[in-house]
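This report concerns only the one structure given below.
Letters go in sequence order (proteins before strands), and every chain restarts at 1. As the structure is a computational prediction, the values presented were derived from the model and not from experiment.
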Protein chains: 2
Amino acid sequence: MRLVTIHEVARNAGVSIGTVSKVLNNQGQLRAETRLRVRAAAELLGFRPNDLARSLHRKRTFTIGLVSSDRFGRFSIPLLEGIEDALDSARVAVFLCKPTDDPAHERRHVESLLAKRVDGLIVTSRRTDPRPPLDTLGTSVPVIYAYAQTAGAGATCLLADDEGGGYLAGRHLVGLGRTRIAHITGPERFAAVRERRAGLSRALAGAQVPLDPRLASTGPWSEAWGREAVGRLLDAGPPFDAVFCGSDQIARGVADCLRERGLNVPDDVAIVGYDNWEIVAAATRPPLTTIDPCLHELGQAAASRLLAMIDGDHGPAATRHVVRLPCRLLVRASCGGGSSLKTADRAA
Amino acid sequence: MRLVTIHEVARNAGVSIGTVSKVLNNQGQLRAETRLRVRAAAELLGFRPNDLARSLHRKRTFTIGLVSSDRFGRFSIPLLEGIEDALDSARVAVFLCKPTDDPAHERRHVESLLAKRVDGLIVTSRRTDPRPPLDTLGTSVPVIYAYAQTAGAGATCLLADDEGGGYLAGRHLVGLGRTRIAHITGPERFAAVRERRAGLSRALAGAQVPLDPRLASTGPWSEAWGREAVGRLLDAGPPFDAVFCGSDQIARGVADCLRERGLNVPDDVAIVGYDNWEIVAAATRPPLTTIDPCLHELGQAAASRLLAMIDGDHGPAATRHVVRLPCRLLVRASCGGGSSLKTADRAA
DNA sequence: AAACCAACGGAAAAGCTTTTCCGTTGCAAA
DNA sequence: TTTGCAACGGAAAAGCTTTTCCGTTGGTTT
């Protein structure tokens with residue numbers, strides 16, 4: 001695969017390689033006729049400048065590494081697409097890399113990325129709980145944590161605002177007049193679980209609606225858990241007219257169980273899910289009103305910020321930033337209620 | 001981010017840069033003591049050879065491009081992971097790139113990948129139907145189509161064996177003694193739909209079981225369609241004791257509807273799904289026996305083959321290869337039946 | 001003691017582009 | 001006609017590594 005070099009273009013156009021370079025980069029003082037001739041030669045030969053040589057010289061590769069400390073899953077995808085979106089317009093390419101949780105493996109990948117002289121790194125994970133800081137092996141490549149965070153000092157972390165999401169859900173439900181609100185969510189050990197609950201509490205407190213602890217339960221992030229938990233409440237719990245679920249999967253289980261028990265959603269019980277996992281939320285009967293963590297936007301934001309850090313070179317690297325991006329309430333049918341709220345409603 | 005170069009290591013170790021290179025690549029004739037000294041200096045300074053310079057010289061970047069003509073979705077993920085798996089051990093990194101369906105956009109991406117001198121390209125898409133060949137802009141980079149195909153002459157395409165998958169499903173059902181088998185699947189225009197049906201027919205024909213056309217219906221790839229289609233059969237169709245579904249989503253709809261109509265799965269009706277989309281198949285009540293297209297393996301195979309093409313340089317590039325990789329029957333509970341079959345059963 | 005060989009490691013080219021610095025060339029001004 | 005300037009484009013270095021080809025050095029062989 002012998003590729004055309006700038007030398008051949010130069011020879012073909014009867015100029016020096018420096019001139020070719022100038023033409024192709026719109027630099028220097030050249031006659032229009034010369035530019036045309038060189039361009040024609042380049043076109044004819046199908047010349048494509050070698051980015052390796054170019055980057056070697058410019059000390060910038062227009063390349064970043066995405067290290068996802070977890071398997072690619074439903075959270076990584078919108079994130080990834082957001083990142084691609086933002087980078088694509090800056091003509092920056094992304095190296096994918098999927099280390100396992102094994103730190104040695106991660107290290108090896110970072111090593112390889114650094115050898116390739118990526119301009120920056122984005123770290124993501126499935127869980128939003130703190131992870132050990134990425135070891136950049138003594139270099140000072142800009143790093144940004146997207147939908148991931150670390151306790152490290154100078155780290156910039158972009159997260160979804162789980163507390164705000166919980167608040168949005170709560171406010172929506174009380175706004176619709178619900179007063180006995182159950183909360184069925186994931187394992188207590190997840191920070192997201194605790195924060196979403198805090199947001200819910202804040203919303204209810206603001207409306208003088210009590211949060212009955214007997215109506216709150218934690219368990220796995222699964223449909224089966226949703227069915228089981230709501231079944232228990234129906235069997236032995238106090239009455240309730242709404243359920244805020246920790247995930248759309250849980251919400252789906254809740255909806256299925258309620259329907260099978262003869263209850264109507266949303267008339268008897270309103271449901272708010274979490275994640276806006278389209279394929280689940282839209283297929284549920286009725287389709288789920290849910291909290292959308294806006295991961296696409298989060299990905300875009302992460303990428304833009306990284307780009308800024310790369311350009312700024314010596315940005316505010318020393319200070320730690322944890323930024324929470326707002327979630328969005330996406331109204332479908334599971335709460336009834338106005339299409340007036342739509343998606344415009346954002347957390348503070 | 002001034003990085004350490006081989007010169008600094010050389011100075012530090014009191015040798016020439018050539019010697020450093022030899023040490024780090026285990027080449028040449030050097031005293032053990034020298035090797036040690038150089039290694040120590042490199043370690044001390046945290047030297048990391050610049051892959052740009054290295055690749056420039058070696059004419060090999062250990063980098064490939066993954067162009068996914070479709071959004072990253074549930075099919076791309078296992079594929080991607082398989083690819084990563086195979087490439088990781090060869091220490092090859094992958095550039096992600098997600099052109100839209102716009103050919104100009106795709107072209108721009110390929111352009112950029114070629115400028116980065118990727119050693120090869122993998123093309124994937126969500127649908128398995130033929131796509132236009134990837135324009136490699138006059139170069140001869142090895143290209144492989146994974147879970148995608150093109151009519152182009154010298155193309156190598158790796159696909160899942162849909163016909164074989166349909167056959168597996170059919171054989172499993174007749175093996176369990178089912179004789180009135182319905183088929184609810186996706187839109188007719190998908191090649192996969194037609195091929196899976198052909199496989200089903202072959203299996204039934206082999207067992208002298210008729211395929212009643214009144215029991216076959218096509219529609220969207222959705223749960224709702226599964227519910228609707230099976231509902232219609234219950235209302236107005238001939239009796240049936242099994243349903244082979246075109247996707248797990250459809251199968252889930254079928255299972256939900258049957259249960260709600262008071263029928264037992266698998267006692268009254270057995271169900272086989274398609275895709276082994278874990279999160280759906282395992283959450284269905286009962287968990288779905290399904291056809292697993294083995295996309296992880298397909299990804300691995302695609303990557304290994306690409307690697308071989310890269311190494312072989314002038315491989316069998318001129319001939320067209322379309323390879324169908326076998327699917328696997330994954331037994332859960334929706335057909336009852338033996339755990340004896342398990343996953344060992346593969347298409348011919 | 002002369003000749004030779006093995007072991008060791010240095011010098012330099014190659015790989016491809018960008019960019020700075022200068023040298024020409026042609027024309028206008030004095 | 002000479003001087004000067006602007007426009008144009010070439011030469012060469014820089015960016016970093018790998019690899020080939022040689023030159024030294026010290027010891028062995030006869």
Side-chain angles (χ1 to χ4, degrees), chain A residues 1-42 45-63 111-112 114-119 139, chain B residues 1-42 45-63 111-112 114-119 139:
Chain A
M1 197 178 65
R2 190 73 194 62
L3 277 150
V4 182
T5 73
I6 201 173
H7 286 93
E8 308 175 43
V9 178
R11 183 147 19 91
N12 219 272
V15 296
S16 76
I17 58 165
T19 303
V20 175
S21 177
K22 280 171 206 158
V23 171
L24 266 27
N25 295 295
N26 288 314
Q27 301 274 326
Q29 304 261 18
L30 278 71
R31 232 177 326 161
E33 189 271 330
T34 308
R35 291 194 187 274
L36 245 48
R37 192 154 35 95
V38 170
R39 256 186 242 289
L45 296 166
F47 173 63
R48 213 176 314 290
N50 186 330
D51 273 354
L52 297 165
R54 179 186 283 210
S55 296
L56 189 56
H57 189 267
R58 293 205 176 147
K59 296 175 159 306
R60 181 89 186 272
T61 56
F62 291 91
T63 272
E111 190 103 37
S112 144
L114 290 175
K116 294 195 160 35
R117 297 298 188 261
V118 293
D119 297 327
T139 66
Chain B
M1 198 178 65
R2 189 75 194 64
L3 276 150
V4 182
T5 74
I6 201 172
H7 286 94
E8 308 175 44
V9 178
R11 184 147 18 93
N12 219 272
V15 296
S16 76
I17 58 166
T19 302
V20 175
S21 176
K22 280 171 206 158
V23 171
L24 267 24
N25 296 295
N26 288 312
Q27 300 276 326
Q29 304 260 18
L30 279 71
R31 233 179 324 164
E33 190 271 329
T34 308
R35 292 194 186 273
L36 247 47
R37 190 153 38 93
V38 170
R39 257 186 241 288
L45 296 167
F47 173 64
R48 211 176 315 290
N50 185 330
D51 273 354
L52 298 167
R54 181 185 283 211
S55 296
L56 189 57
H57 190 265
R58 292 204 176 147
K59 295 174 161 306
R60 179 86 188 272
T61 55
F62 291 91
T63 273
E111 190 103 37
S112 144
L114 289 175
K116 296 197 159 36
R117 297 299 187 261
V118 294
D119 297 328
T139 67

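- In this structure, the side chains of B/Asn50 and B/Leu3 stay at 4.5 Å or more apart for every pair of heavy atoms.
- In plain terms, the two heavy atoms of A/Gln27 and A/Arg35 that are nearest each other are O-NH2, 3.2 Å.
- Across all strands, A/Asn25 comes closer than 4.0 Å only to sugar-phosphate atoms, never to a base (heavy-atom distances).
- Between the NZ atom of A/Lys22 and the P atom of C/dT20 there is a distance of 10 Å, rounded to whole Å.
- Under 4.0 angstrom from either OP1 or OP2 of D/dA7 there lies no side-chain N or O belonging to A/Arg31.
- Across all their heavy atoms, B/Ala10 and B/Val20 have their closest contact at CA-CG2, 3.6 Å.
- Rounded to whole angstrom, the span from the CG atom of A/Asn50 across to the C1' atom of D/dT17 amounts to 14 Å.
- Using a 4.0 Å heavy-atom cutoff across all strands shown, A/Leu30 reaches sugar-phosphate atoms only and no base atom.
- Under 4.0 angstrom from either OP1 or OP2 of C/dC16 there lies at least one side-chain N or O belonging to B/Lys59.
- For C/dT18, its base sits under 3.5 Å from the side chain of A/His57 at one donor and acceptor pair at least.
- In this structure, A/Arg35 and B/Ile6 both approach DNA chain D, and ranking their closest nucleotides by distance from the 5' end singles out A/Arg35.
- Residue contacts for B/Thr34: at a heavy-atom cut-off of 4.0 Å it reaches the sugar-phosphate backbone alone, with no base atom in range.
- Going from atom CD of B/Gln29 over to atom P of D/dT25 covers 19 Å, rounded to whole Å.
- In this structure, the separation between CZ on B/Arg60 and CZ on B/Arg54 is 13.0 Å, given to the nearest 0.5 Å.
- For B/Arg58, whose side chain is taken as the heavy atoms from C-beta onward, the closest listed nucleotide among D/dT17, D/dT19, D/dG9 is D/dT19.
- C/dG15 atom P lies 9 Å from atom CG of B/Leu56, rounded to whole Å.
- Per the geometry, NE2 belonging to A/His7 stands 11 Å off P belonging to C/dA14, to the nearest Å.
- Within the 3.5 Å criterion, the main-chain N or O of B/Ala115 finds no donor-acceptor partner in the side chain of A/Arg48.
- Rounded to an integer number of Å, the gap from B/Gln27 CD to D/dT17 P is 16 Å.
- The side chain of A/Ala53 has D/dG15 as its nearest neighbour among D/dT17, D/dG15, D/dC8.
- The phosphate of D/dC16 has neither OP1 nor OP2 within less than 4.0 Å of any side-chain N or O from B/Arg54.
- Residue B/Thr19 places at least one side-chain N or O closer than 4.0 Å to OP1 or OP2 of C/dG10.
- A/Leu52 comes within 4.0 angstrom of no nucleic acid atom, judged by non-hydrogen atoms across all strands.
- The distance between atom CD1 of B/Ile17 and atom P of C/dG15, rounded to the nearest whole Å, is 16 Å.
- The nearest whole Å value for the distance from the CZ atom in A/Arg60 to the C1' atom in C/dT18 is 16 Å.
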